[in-house]
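Structure record follows, encoded as structure tokens.
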Amino acid sequence: MDTLPRLDSELRADAVVLFGATGDLALRMLFPSLYALSVDGFLPESFRIVGVARQASTTEGFRVRVAEAIRLRHTGSPVDEAKLETLLQRIDYCRGDATRADGVVELAARLKQLDIQVPMFYLATSPSLYSAICGTLRESGLSAAPARVVLEKPLGRDLPSSRAINRAVGEAFDEDRVFRIDHYLGKETVQNLLALRFANSLFERLWNNLTIDHVQITVTETEGVGDRWPYYDEYGALRDMVQNHILQLLCLVAMEPPADLDPDSVRNEKVKVLKALRPMTPVAAGNASVRGQYGVGLTDGKPTRAYADERGQATDTETFVALRAEIDNWRWAGVPFFLRTGKRMAERRTQIVIQLRDVPHSIFGKTGNAGLTANRLVIDLQPDEDISMLLINKKPGLAREGMALRALPLSLGSQPSADTERRRIAYERLLLDVIDNNPTLFVRRDEVEQAWKWVDGVVDAWKQSGLGVKPYAAGGWGPAGAFALIERAGRAWHD
Ligand SMILES: NC(=O)C1=CN([C@@H]2O[C@H](COP(=O)(O)OP(=O)(O)OC[C@H]3O[C@@H](n4cnc5c(N)ncnc54)[C@H](OP(=O)(O)O)[C@@H]3O)[C@@H](O)[C@H]2O)C=CC1
Ligand SMILES: O=C1O[C@H](COP(=O)(O)O)[C@@H](O)[C@H](O)[C@H]1O
């Protein structure tokens, strides 16, 4: 993924304008990523960073805040203070309410003074402001080509609201100037999935319902919702994680080989998968989905509060969801995709498991071999990155009867980025791609809308079937129903 099919240096951005520059995302992810890009020489020489938010601050004061955030977040070698200073010198701060035309007057003047030709406007604010901010940029003339816009998830809360945002964004920016971020696509192992599937002849022949029994996608976190409940309570785990990150992972596993790495070739294949997802029905909902909400429990050995206590009242918002999805096409007919995500779980784990079918007939018998599974490809994204294949082989030693077998992983090993010896933040890749005008790892409008269509169907099925949330203890693996869901299909989670 290091070749940039559409790279055109004429269109390389010369500034990022960060709306929401004082927020959590900007300070925890975006500025540390910009620091890393600057240190590694990836930022164009004259590149500028302009932070915008409503709170009062001088540029100097803002630089101090950014420096603190970078020192706190940077991993690997210690922060290089001289290089940090170089980055800080690129930064300006403009106070303003980006939803109002008069709120961007100072910004427009600053961009002119800095002679910015190709700005990228990064909307790190609540998505409820996206339409208004794009309106402001259009009215003030700032959205004129070749300016581009970067949008964070979630894009809407359902298909109609997503369409409304996309419409408003589209009135200001042409689609090829819109970069919708799903930060999972910036993760190294997610991109490696493409390499694994399409750079090795080994897998393609096996990658279908003749060889694969089922697929599991697990994204669990130990953190709770905490102070984010005003956002989270409106969305829940299905909209927060499944609609975007998990469906993107599913698409990369299930899509047909694209003809090339052209952004639209890849995205066309992903949309076909989303269209082939079987809609959830109210009848299927009880069997094929589980909703949960964490109660009290122990997280990393410490007692933690229930979601309802963080929220301040009981609500029906799910903090855990497990689903059985089916893809109705030739490649995947009959192969269930088991998806699950939750907060306050036993461990942080982002993992894709491709379970192959059993051998048609075992010559080894059950003695000493009970419980052995068939081959399994395990793709770990977090906390460690690894790709391993569980291979069955002989247990060394003598046996009187039959042959004792065991499963051992053939592993690529956990590899930090070779160029930095630290794990890159997903946003580094994505920011660099926006600067370089490469949309391959960004989500196209029809992808987002198709994903919402399926998710809206799940929500409707839940409503019609009355599927409520089941409590689960913090520090565990979710409600009992999540185990029953997969066991009913004769399978088990890869725990
Ligand atoms: N935080 C995270 O880890 C992740 C966040 N996201 C997404 O990123 C976006 C930002 O999230 P997050 O950083 O957590 O949110 P925060 O609430 O922490 O920050 C919001 C930022 O927007 C600014 N802001 C609010 N209103 C305006 C306005 N009218 N004009 C200009 N600036 C404004 C705020 O500053 P002020 O109030 O001073 O104006 C603040 O800087 C959201 O879309 C979120 O869903 C996505 C993935 C992960
Ligand atoms: O988008 C989101 O992602 C985070 C999890 O991201 P990760 O990179 O740490 O796996 C999640 O906590 C948050 O609720 C969601 O909005």
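Small disclaimer: the values here were computed from a predicted structure and weren't measured. Counting starts at 1 for both ligands and their atoms, in listed order.
The closest approach between Asp240 and ligand 2 falls below 4.0 Å for a heavy atom of the residue. For Tyr122, the heavy-atom gap to ligand 1 stays at 4.0 angstrom or more. Ligand 1 has no atom lying under 4.0 Å from any heavy atom of Gly103. Using a 4.0 angstrom heavy-atom cutoff, Pro154 counts as in contact with ligand 1. Within the 4.0 Å heavy-atom shell around ligand 2 one does not find Tyr232. Not close to ligand 2: Glu223, with no non-hydrogen atom less than 4.0 angstrom away.
Residue-ligand proximity, Tyr184 to ligand 2, at heavy-atom distances under 4.0 Å covers atoms 6 (O), 7 (P), 8 (O), 10 (O). Set against the non-hydrogen atoms of Lys343, the atoms of ligand 2 under 4.0 Å away are 11 (C), 12 (O), 13 (C), 14 (O). Taking every heavy atom of Ala98 and a limit of under 4.0 angstrom, the matching atoms of ligand 1 come to 28 (C), 29 (N), 30 (N), 31 (C). Taking every heavy atom of Lys153 and a limit of under 4.0 angstrom, the matching atoms of ligand 2 come to 1 (O), 2 (C), 15 (C), 16 (O). Of all atoms in ligand 1, numbered sequentially from 1 with element shown, those under 4.0 Å from a heavy atom of Asp97 are 28 (C), 29 (N), 30 (N). Within the listing of ligand 1, atoms 29 (N) sit less than 4.0 angstrom from a heavy atom of Thr99. Against a heavy-atom cut-off of under 4.0 Å, His183 is close to the following atoms of ligand 2: 1 (O), 3 (O), 6 (O), 7 (P), 8 (O).
Between Asp182 and Lys270 there is no salt bridge, since none of the side-chain N atoms of the basic residue sits less than 4.0 Å from a carboxylate O of the acidic one. Asp264 has a carboxylate O that lies under 4.0 Å from a charged side-chain N of Arg267, or vice versa, which qualifies the two as a salt bridge. The pair Glu68-Arg71 does not count as a salt bridge, with every side-chain nitrogen at least 4.0 angstrom from each carboxylate oxygen. Salt bridge annotation for Glu106-Arg110: present, with a cationic side-chain nitrogen under 4.0 angstrom from a carboxylate oxygen. The pair Arg444-Glu175 fails the salt-bridge criterion, with no side-chain N (NZ, NE, NH1 or NH2) lying under 4.0 Å from an Asp/Glu carboxylate O. A salt bridge does not link Lys275 to Asp446: none of the charged nitrogens lies less than 4.0 Å from a carboxylate oxygen.
Of the N or O atoms in Thr22, one or more lie within a sub-3.5 Å distance of an N or O in ligand 1. Close N/O approach between Gln55 and ligand 1 is found [any backbone or side-chain N/O within under 3.5 Å]. Here's the thing with His183: none of its N/O atoms is less than 3.5 angstrom from an N/O atom of ligand 1. Considering backbone and side-chain atoms together, Tyr231 places no N or O closer than 3.5 Å to any N or O of ligand 2. Looking at His245 next to ligand 2, an N or O pair under 3.5 Å apart turns up. Annotation: Ala26 places no N or O atom under 3.5 Å from an N or O atom of ligand 1; distance criterion only. Considering both main-chain and side-chain atoms, Gly23 comes within under 3.5 Å of ligand 1 through a nitrogen or oxygen pair.
Remark: side-chain polar atoms of Arg73 are not paired, donor with acceptor, to backbone N or O of Met29 under 3.5 angstrom. Counting only distance, with no hydrogens or angles, the side chain of Arg48 and the backbone of Arg90 share a donor-acceptor pair below 3.5 Å. Between the side chain of Lys153 and the main chain of Asp240, a donor-acceptor pair closer than 3.5 Å is present. Listed for the Thr136 side chain is a donor-acceptor partner under 3.5 Å among the backbone atoms of Ala98. Distance alone, capped at 3.5 Å, places no donor-acceptor pair between the Asn192 side chain and the Ala195 backbone.
Shortest contact from atom 9 (O) of ligand 2 to any protein heavy atom: Arg348 NH1, 3.3 Å. With respect to atom 1 (N) of ligand 1, the closest heavy atom belonging to the protein is Asp24 OD2, 2.7 Å. Among all non-hydrogen protein atoms, the one lying nearest atom 32 (N) of ligand 1 is Ala53 CA, 3.6 Å. Residue, atom and distance of the protein heavy atom nearest to atom 31 (C) of ligand 1 are Gly96 O, 3.5 Å. What sits closest to atom 11 (C) of ligand 2 on the protein, heavy atoms only, is Glu221 OE1, 3.5 Å. Closest to atom 46 (C) of ligand 1, if we only count protein heavy atoms, is Glu152 OE1, 3.2 Å. Looking only at heavy atoms of the protein, atom 13 (O) of ligand 1 is closest to Leu25 N, 2.8 Å. Of the protein's non-hydrogen atoms, Gly20 CA, 3.4 Å is the one closest to atom 21 (C) of ligand 1. For atom 13 (C) of ligand 2, the closest heavy atom belonging to the protein is Arg228 NH1, 3.3 Å.
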Notebook entry, point to check: Yes or no on ring-ring contact (aromatic ring centres under 6.0 Å, His included) for Phe62 and Phe31, after CA distance, side-chain angles and deciding distance?
Noted result: CA-CA 12 Å; Phe62 183 62; Phe31 282 109; 5.7 Å; yes

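In this structure, Trp477 CH2 and Thr218 OG1 are separated by 7.0 Å, a value rounded to the nearest 0.5 Å. Rounding to the nearest 0.5 Å gives a distance of 14.0 Å between OH of Tyr93 and CZ of Arg63. With values rounded to the nearest 0.5 angstrom, Tyr122 atom OH is found 7.5 Å from Leu430 atom CG. Note: Leu18 CG to Leu431 CG = 8.0 Å, rounded to the nearest 0.5 Å. Atom CZ in Arg340 sits 12.5 Å away from atom CG in Leu323 (nearest 0.5 Å). Annotation: the span from Phe483 atom CZ to Asp495 atom CG amounts to 6.0 Å, rounded to 0.5 Å.
Ring orientation note: the planes of Tyr472 and Tyr294 are nearly perpendicular, at an angle over 60° on the 30°/60° scale.
Residue Asp227 places its CG atom among 12 or fewer non-hydrogen atoms of other residues, nucleotides or ligands, all under 6.0 Å distant.
With a 4.0 Å heavy-atom cut-off, ligand 1 is reached by the side chain of Tyr130 but not by its N, CA, C or O. Residue contacts with ligand 1 for Ala124 involve N, CA, C or O but no side-chain atom from C-beta outward (heavy atoms, distance under 4.0 Å). Under 4.0 Å from ligand 1, the heavy atoms of Arg28 that appear belong solely to its side chain. Under 4.0 Å from ligand 1, not a single heavy atom of Leu123 appears.
For atom 25 (C) of ligand 1, the choice among Met29, Arg54, Arg100 with the nearest heavy atom turns out to be Arg54. Here atom 42 (C) of ligand 1 lies nearest to Thr125 when heavy atoms of Leu27, Leu107, Val52, Thr125 are compared. Selection from Lys153, Arg95, Arg228 by nearest heavy atom to atom 44 (C) of ligand 1 gives Lys153.
For atom 15 (O) of ligand 1, no protein heavy-atom neighbour is found at a distance under 4.0 Å.
The shortest distance between side-chain heavy atoms of Gln382 and Lys187 falls below 4.5 Å.
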